[in-house]
Amino acid sequence: MKLQINPFISAEKIQSRLNELGKELTEKFKDQHVVAICVLKGSFMFYSDLIRKIDTDISCEFFGVSSYHGTSSSGEVKVTLDLTHPVENKHVLLVEDIVDTGLTMNYLKNSILSRKPASLTTVALLEKPDALKVPCKLDHVGFKISNEFVVGYGLDYEGYYRNLPFIGQVQNFQ
Ligand code: 5GP
């Protein structure tokens, strides 16, 4: 892919915000055992960096969902990979890459809450408050951004750009 990507949030800025989030979450969980759920595919990079900054016992689960086509949300959430263990009576940390319309996060929250965890904490690296179509309250957010399409640090365009170490804005869509 040969699109022009303008740097938007640098790798250094991401890591420094993750240090803060790691401290907040370490403080919140205070030696509790936590099941950290990585929402695939977009949050894999954020997730792997974030859990290394949370100082408590963590077990890892992966939840695959797909809701996007190109650069707009379809509003329909499809589960591509379900959790492998029950989360009943567990403290759950749900790690999402970006909240845009809020539909995916609400779907995920309802799906986890229906499994009766002891608690559910949500964290998203990015939130686009102006794009919300349904109310969606998050416990922790990395960065609030304007309503523009971004790639990198796990986020893709047509499957590409997930490996960029920074978050960028796509300049020249075809
Ligand atoms: P929502 O259901 O909140 O509209 O969309 C959430 C999902 O859409 C995210 O998990 C992410 O995969 C994708 N998404 C939303 N906004 C963007 C964006 O700006 N860039 C990319 N690459 N994906 C996005």
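Keep in mind the model is a prediction, meaning the values are calculated, not measured.
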Using 4.0 Å as the upper bound for N to carboxylate O, is an ion pair formed by [Y] and [X]?
| X | Y | value |
| --- | --- | --- |
| R162 | D97 | no |
| E88 | R115 | no |
| K23 | E20 | no |

Can a donor-acceptor pair be found, under 3.5 Å and without considering hydrogens, that links the side chain of [X] to the backbone of [Y]?
| X | Y | answer |
| --- | --- | --- |
| E61 | T84 | yes |
| N147 | K128 | no |
| D139 | T122 | yes |
| R52 | G22 | no |
| Y161 | L3 | yes |
| S48 | M45 | yes |
| Y47 | A36 | yes |

Nearest-0.5 Å distance, [atom1] of residue [X] to [atom2] of residue [Y]:
| X | Y | atom1 | atom2 | value |
| --- | --- | --- | --- | --- |
| Q15 | S10 | CD | OG | 9.5 Å |
| F143 | I98 | CZ | CD1 | 12.0 Å |
| E24 | N19 | CD | CG | 11.5 Å |
| S119 | N89 | OG | CG | 10.5 Å |
| I5 | I167 | CD1 | CD1 | 12.5 Å |

Any heavy-atom pair between the side chains of [Y] and [X] that's under 4.5 Å?
| X | Y | value |
| --- | --- | --- |
| Y153 | L126 | no |
| F63 | L81 | no |
| I58 | F29 | no |

Answer yes if [X] and [Y] sit in the same cluster of Ile, Leu, Val, Met, Phe, Trp and Tyr residues linked by side chain heavy atoms under 4.5 Å apart, and no otherwise.
| X | Y | result |
| --- | --- | --- |
| F46 | I112 | no |
| I145 | L138 | no |
| I51 | L94 | no |
| V123 | V92 | no |
| L108 | L132 | yes |

Counting the benzene-type ring for Trp, do F62 and F44 have ring centres under 6.0 Å apart?
no
Taking all non-hydrogen atoms of both residues, which atom of [X] and which atom of [Y] are closest, and how far apart?
| X | Y | value |
| --- | --- | --- |
| I14 | P165 | CD1-O, 4.0 Å |
| V79 | D82 | CG1-N, 4.2 Å |
| V150 | F8 | CG1-CD2, 4.0 Å |
| A124 | V99 | CB-CG2, 4.0 Å |

Counting only heavy atoms not in D55 (residues, nucleotides, ligands), do more than 12 fall under 6.0 Å from its CG?
no
Under a plain distance cut-off of 3.5 Å, with no hydrogens placed, do K28 and H140 share a side-chain donor-acceptor pair?
yes
